[in-house]
Each structure stands twice: as structure tokens, then as C-alpha cells.
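This is a predicted model, so every value here is computed, not measured.
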Amino acid sequence: MLFYRSTRSKDETVKASEAILKGLANDGGLFVPEAIPSLDKTLEELSQMTYQETAYEVMKLFLTDFTEEELKDCINKAYDSKFDTEVIAPMVEAEGAYYLELFHGATIAFKDMALSILPHLLITSAKKNNVQNEIVILTATSGDTGKAALAGFAGVEGTKIIVFYPKNGVSPIQEKQMVTQKGDNTFVVGITGNFDDAQTGVKMLFGDKELEAVMANAGYQFSSANSINIGRLVPQVVYYVYSYAQLLKEGMVEKGEKINVVVPTGNFGNILAAYFAKNMGIPIAKLICASNENKVLYDFFETGVYDRNREFVLTSSPSMDILISSNLERLIYMTAGCDSDKNAALMNSLSKEGKYTITADMKSNMTDFYGNYASEQETAETIKELYDNTGYVIDTHTSVAATVLKKYQKDTQDMTKAVIASTASPFKFTRSVMNAIDAKYDSMTDFELVDELSKIANVDVPNAIEEIRTAPVLHDTVCDKEDMKAVVMKFLGI
């Protein structure tokens, strides 16, 4: 059986289902597997599998205390008609790169890939561990996680979900998707601050022992739907395995031929999943980490210094407007030789001083990664250029990745075939996308832009957008970051 440890202590060892239930370790660390398992199917075997079959082959290796029946049940409930394409994660070739479209789920963002299965993993985990309490999902979002988690957990018996988002830090479509969410067990709160404030506030609530006791007394316990939960990370590994297998199936790569993977990254979970896939045996050469103007990760890979003491920039790719990349802690831990003391000291430094510096040895263990960033102007230019040349329309986050791939190729002359994680539908960021294509569109309303985008891209308007055209606002709570605890207690009636 594969066990999980905290990144911050040697003491705590838990099974996969326990790690999923807890979300965060007792010491504030993140759960990591004691070892990254190797695939036990060949690449040729994987190339003949559906997305659901691939998901089982990958996830069974991580979630070893789930039975085959339990895991397949979770997978089949997750990857069904909620997705608007049977293949779940199709690939589109454009200008020599392969765009892995991860936005065909219920909320048209890549978060659906993991958050459509997490509720089922969580409920199964609760049953396996004889949990009687109602599970309260507490999450912070920079735009996409929130709606995907709300959609996943709405109406799921035995759960409630509370989502905090930065009031002025998400796109109009993202906000409309969240505040119109139905379901008696859902609660959405805008905070007067940025995403990092929301994320820090949520972490503090998780660590509040007094609140934990009060909640337990009332029959509740917290769990997380953020990418800090291993139940979010493991399903993300699947699509990197699947994408390589599909390239092999279509004859786009030879057996064993390496590819590069480009991921637009804020919280570091999505690219960490690609790192896990590489370590499982997928032939990935470089992991190209693409940042927007909040380039804390680019600076980190350049210098070995992680420093969040800088101006926070609101960009057209808001899901990446992040200065504290939570999932980076897992990479820090692994590249420090799984030294929890060393990692804990670095995280303590981040908490107290806002920065830390890794050792030369640790930096040398990160040569798989290349970091760069795209300015707002470059992001817009890439959207326009790709549309003008091919007719293919990408969103702002995907454009950050496409821009950084061009920079990487120019810097290194490495023309290895590349898969770009296309993390959101352009319909989620219509104004930024359409303005990039032509400034004349700026006079249109948000939903006029949606219809125009559908016309010029020759793509149907996704159901996720149609649903919110006339949907009433059901959540209008806004609070200061200092009041998050009070708001949670009020919603739970404790």
C-alpha cells in the first residue's frame, strides 16, 4: 500500500483516503506519496485506452486503499455527459504545438478535470473511514476552482461548500458563474482583498483548533477542494499520461520519443501533476512553467529565491494572479531529498519574511523545469497572431503558455514537440480575448461578445455560458478578510 506523508514532519503517515479527507496535514504541510509509483502498463497499452480507462490505470497506483469497484465508480460518475466531448480531453494541433483542451467540462476550465471526481473520492473516503460528520468544503479561488468545486459539490449529500474569491479579482463571467450557483449546500463569498488573502485566510481557518472543536461539536469537519488536496492533484496526472498516449496512437510521436509540456501556472498544481507523470515513466523532457506578470515562479527558477514581497498585478489571466504558489511546497520537499525539517524551515521563512532561498543542490534537482513569463501585451499579441494565422482562438491563460513556448524555443533552439495545457475556454474571458483580436469589440456587452466569439471561432457557445445569461444572483455576501471566520460560522449556524 502507498502511504502519504506531510511535507513538514516525519511523524504523520496516512492512507490515500485519509489524506483526501484531511486535505491539509495537521502540521500545515501538504500530503505527498512516500514514492511516486511507476506505470504498470506499457505506453502502447495506454494508447488503446479511453480517458476513463487511463484514469483508472493512473489513479489505482496512487489511491491504493480504494477497491477497483470504488475507484471505477468514482471515475464513471465524474467523466460522463457533464463533458461536451466524448474523449474528455481532445488535442488540437496549431502552429506546430499540440493544445490539450482541458476545458470541456461543466464550468469550461481545467479545474473540472479534477473537481468532477473529487466529491466522489471524498464521499467514498468518508465512508471508508466511518466519518459521521458532515464535510464542509472550504476553498479559496482565483476564479476557476470556485465554480468547478461548486458544480462538483452542489447537492452532494453529506457535504456543504464555502467558496471565497477576491471581489474585484476575477473576470465578469467567472463571477457570474459563481454567484448564480444553485444548491442549498453552497455558499459564495467575495472578499475585499486578493487571492493570496483568500488563500491565507482559508489556511488559517484550517489551522484554527478552537474552530475545529466547535465544528466537531456541531457535527461538521473541514476538508479542502483546493489543489493542496492530493485528491485534486492525482486526477490531474491522468491527462498528461493520456495526452502522450494519444500522440503515440495518432503517430505524432514515436515510442519513447520525448515531448515538452507547457503549463500556464499560478498555484503550481497543474505543472506538478506533469512532473508526477514524468516520474511515472511518461517521456517528458522539459516542464515549461509559464507565468504572467506576477512572475514569482519565473524569478524563482532563475534565482533560487522565492520572494512574494512584490506588487500584486491584476492581469487578463486572473487565475494565475498568485504570489504564493502553494503546490510548489511539494516540489521543494521532494528536491530537498524529502527532508521535512528543511522544507518546514523554508515555509516558516516564507510565512514570516515572505521569501526563502533554496540550496544549490536543490536548484540542480530542478533542471527539468524552465520558467519564463508573458507580458499583457505579448499575451494579447499571441491570441491575435494564432487567430489570424489559423482561425483557432485560445484564452488568455493558454496564450501565456503559447507565448512562453515561443520564448523557450528562441532561447534554447529546442524544437521538441510540445503539448500546451489549454486551461480554459476563450468564452470564459471573452472581453480580453476579443479585444486582443480587434479593439472594435470593446463596445459590446459581455454576452454580445460571447455570440461574436462563437461566430468568428465557428464554435458553439458552451452550455456553461448559456446557463448564466439570465440566471439570478443567489450569492451576494462580501466580507473583509478578517471576517472570514465569522462568515463561515454564520453559514453553518454555529
Side-chain angles (χ1 to χ4, degrees), residues 36-63 68 71-72 74-76 78-105 110 112-114 116-117 233-263 270-271 273-288 368 386 390-392 394 398 401-402 405 409 414-423 425 459:
I36 295 177
S38 297
L39 289 163
D40 61 3
K41 291 283 188 288
T42 65
L43 295 172
E44 289 91 340
E45 286 173 311
L46 289 164
S47 73
Q48 299 307 309
M49 293 184 188
T50 63
Y51 191 87
Q52 292 85 344
E53 289 164 344
T54 308
Y56 175 71
E57 293 303 330
V58 172
M59 292 172 67
K60 73 176 189 188
L61 301 172
F62 285 99
L63 310 181
E68 180 177 350
L71 192 48
K72 284 185 172 174
C74 291
I75 288 165
N76 292 333
Y79 304 113
D80 58 9
S81 59
K82 290 191 289 294
F83 287 80
D84 65 17
T85 168
E86 232 175 272
V87 295
I88 308 297
M91 259 186 297
V92 173
E93 187 179 359
E95 288 199 325
Y98 297 94
Y99 288 82
L100 176 62
E101 292 188 344
L102 300 172
F103 52 76
H104 288 277
F110 82 100
D112 290 323
M113 302 298 292
S116 57
I117 193 167
L233 188 63
V234 169
Q236 290 181 283
V237 179
V238 174
Y239 46 74
Y240 293 111
V241 175
Y242 178 75
S243 62
Y244 188 88
Q246 290 306 297
L247 288 175
L248 188 63
K249 180 183 183 179
E250 300 298 328
M252 303 301 184
V253 295
E254 302 289 322
K255 183 192 168 190
E257 182 184 345
K258 291 196 169 184
I259 61 167
N260 290 335
V261 172
V262 195
V263 188
N270 202 5
I271 196 164
Y275 178 74
F276 274 42
K278 176 180 168 114
N279 281 280
M280 293 184 84
I282 296 299
I284 295 171
K286 279 286 178 191
L287 296 153
I288 299 171
D368 289 346
L386 190 65
T390 67
Y392 186 53
I394 55 174
T398 306
L405 175 60
Q409 290 172 335
D414 174 13
M415 301 306 288
T416 299
K417 287 166 188 166
V419 169
I420 292 174
S422 184
T423 53
S425 164
V459 175

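For Glu86, the CD atom sits in a loose shell: 12 or fewer heavy atoms of surrounding residues, nucleotides or ligands are nearer than 6.0 Å.
Side-chain atoms of Glu68 and Lys60, non-hydrogen and from C-beta on, never get closer than 4.5 Å to each other. Using a 4.5 Å cut-off on side-chain heavy atoms (C-beta onward), Met91 and Met252 make no contact. The shortest side-chain heavy-atom distance between Met113 and Pro235 does not fall under the 4.5 Å cut-off. Put simply, the side chain of Asn260 does not reach to within 4.5 Å of the side chain of Val419, judged on heavy atoms. Put simply, the side chain of Asp80 does not reach to within 4.5 Å of the side chain of Asn76, judged on heavy atoms. Two residues are said to be in side-chain contact when any heavy atoms from C-beta on lie closer than 4.5 Å; Leu39 and Ile282 meet this criterion. Using a 4.5 Å heavy-atom threshold, the side chains of Tyr98 and Val253 count as separate.
Minimum interatomic distance between Ser116 and Ala78 (heavy atoms only, all atoms of both residues): O-CB, 3.4 Å. Taking each heavy atom of Ala89 and Tyr51 in turn, the nearest pair found is CB-CE1, 4.1 Å. Closest of all the heavy-atom pairs between Pro283 and Glu257 is CB-O, 3.7 Å. Taking both residues in full, the closest heavy atoms of Glu254 and Tyr244 are given as O-OH, 3.5 Å, listed atom of the first, atom of the second, then distance. In terms of heavy-atom proximity, Val241 sits nearest to Ala277 at CG2-CB, 4.3 Å. The shortest non-hydrogen separation linking Lys255 to Glu44 is CD-OE2, 2.8 Å.
Aromatic rings from Phe110 and Tyr239 are positioned such that their centres are separated by 6.0 Å or more.
With Val237 as reference, Val58 is the one residue of Asn279, Ile36, Leu61, Val58 to meet the side-chain contact (heavy atoms from CB on, under 4.5 Å) rule. Each of Thr398, Val92, Ile420, Ile394 was checked for a side-chain contact (heavy atoms from CB on, under 4.5 Å) with Glu101, and the lone residue meeting it is Val92.
Here the CD-CG distance, from Glu57 to Asp40, works out to 6.0 Å after rounding to the nearest 0.5 Å. With values rounded to the nearest 0.5 angstrom, Leu248 atom CG is found 9.5 Å from Leu46 atom CG. The distance from the CG atom of Asp112 to the CD1 atom of Ile117 is 13.0 Å, given to the nearest 0.5 Å. To the nearest 0.5 Å, atom CD of residue Glu95 and atom OG1 of residue Thr390 are 6.0 Å apart. To the nearest 0.5 Å, atoms CD (Glu45) and OG (Ser47) are separated by 9.0 Å. Here the CD1 atom belonging to Ile88 is positioned 5.5 Å from the CZ atom belonging to Phe83, to the nearest 0.5 angstrom.
Without hydrogens or angle criteria, Lys278 side chain to Ala285 main chain gives a donor-acceptor distance under 3.5 Å. For the pair Gln52 (side chain) and Tyr79 (backbone), a donor-acceptor distance under 3.5 Å is present.
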Kindly determine whether Lys286 and Asp414 satisfy salt bridge (Lys or Arg N to Asp or Glu O under 4.0 Å), including the steps that lead there.
CA-CA 10 Å; Lys286 279 286 178 191; Asp414 174 13; over 6 Å; no
Before giving the answer on side chain to side chain contact (heavy atoms under 4.5 Å, CB included), spell out for Ile288 and Ile271 the whole-Å C-alpha distance, their side-chain angles and the decisive distance to 0.1 Å.
CA-CA 8 Å; Ile288 299 171; Ile271 196 164; 6.0 Å; no
Walk me through whether Asn270 and Tyr240 qualify under side chain to side chain donor-acceptor pair (under 3.5 Å).
CA-CA 10 Å; Asn270 202 5; Tyr240 293 111; 2.9 Å; yes
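In this structure, Phe276 and Phe62 have parallel ring planes: the angle between them is below the 30° cut-off, well short of the 60° mark.
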